[in-house]
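Heads up: the structure comes next, in structure tokens.
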Amino acid sequence: MTERQMIQEILNTVDVIYSFVNTDDDKKEYEIVINRQDGDNRPLENVNKEIKHYFTDASFSYDEELNDNGDDIHVQVKR
């Protein structure tokens with residue numbers, strides 16, 4: 001499984017909407033914008049905590065900004 005596939009699997013597990021903004025597959029660095037789905041009432045901090053848990057378990061670094069430019073979470077991950 002590639003890093004990008006693993007990232008997609010993690011984000012699909014948490015059930016959020018996401019898009020890759022900037023990626024460098026060679027360096028294994030990914031910038032991702034994450035939003036909760038309509039009707040998702042989970043507190044943003046809880047969603048972020050769950051996502052961070054999965055990424056750190058998969059040996060990714062996780063650098064996030066909550067409520068960044070109208071997006072719920074703006075994150076940079078690297079493996």
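Between the CD atom in Glu64 and the CG atom in Asp72 there is a gap of 13.0 Å [rounded to 0.5 Å]. Atoms CD and CD1, on Glu50 and Ile10 in that order, are 11.0 Å from each other to the nearest 0.5 Å. In this structure, Asn12 CG and Gln8 CD are separated by 7.0 Å, a value rounded to the nearest 0.5 Å. Atom-to-atom distance recorded for Lys49:NZ and Ile51:CD1 is 13.5 Å, nearest 0.5 angstrom. To the nearest 0.5 angstrom, Lys28 atom NZ is 12.5 Å from Ser61 atom OG.
Between the side chain of Asp24 and the main chain of Asp26, a donor-acceptor pair closer than 3.5 Å is present.
Proximity of His74 to Glu31: side-chain heavy atoms (C-beta onward) are separated by under 4.5 Å at one or more points. Using a 4.5 Å heavy-atom cutoff, the side chains of Asn35 and Val16 are not in contact. You'll find the side chain of Val75 stays beyond 4.5 Å of the side chain of Asp63, heavy atoms only.
Leu11 and Val33 end up in different hydrophobic clusters when Ile, Leu, Val, Met, Phe, Trp and Tyr side chains are linked at under 4.5 Å. Note on Ile17 and Val14: separate hydrophobic clusters, where clusters join Ile, Leu, Val, Met, Phe, Trp and Tyr whose side-chain heavy atoms are under 4.5 Å apart, directly or indirectly. Hydrophobic clustering places Val47 together with Leu66 (ILVMFWY residues linked when any side-chain heavy atoms are closer than 4.5 Å, directly or through intermediates).
Sorted by first and then second residue, the pairs that involve residues 50-72 and meet ring-ring contact (aromatic ring centres under 6.0 Å, His included), not counting sequence neighbours, are Phe55-Phe60, Phe55-Tyr62.
Judged purely by distance below 3.5 Å, without hydrogens or angles, the side chains of Thr23 and Arg4 pair a donor atom with an acceptor atom. Judged purely by distance below 3.5 Å, without hydrogens or angles, the side chains of Asp25 and Tyr30 pair a donor atom with an acceptor atom.
For Glu65, there are no side-chain hydrogen bond (donor to acceptor under 3.5 Å, both in side chains) partners two or more places apart in sequence or in a different chain. The side-chain hydrogen bond (donor to acceptor under 3.5 Å, both in side chains) search around Lys78 returns Glu29, not counting sequence neighbours.
A pairwise comparison of heavy atoms in Arg79 and Ser59 identifies CG-O, 3.7 Å as the closest pair.
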| message | Pair Ile34, Asp71 - check side-chain contact (heavy atoms from CB on, under 4.5 Å), show working. | response | CA-CA 7 Å; Ile34 302 169; Asp71 297 311; over 6 Å; no
| message | Set out, in order, the CA-CA distance, both residues' side-chain angles and the distance that settles side-chain contact (heavy atoms from CB on, under 4.5 Å) for Leu44 and Arg36, then state yes or no. | response | CA-CA 8 Å; Leu44 183 58; Arg36 291 171 288 184; 3.9 Å; yes
| side-chain contact (heavy atoms from CB on, under 4.5 Å) between Ile7 and Tyr18, intermediate numbers included | CA-CA 10 Å; Ile7 291 168; Tyr18 60 90; 5.8 Å; no
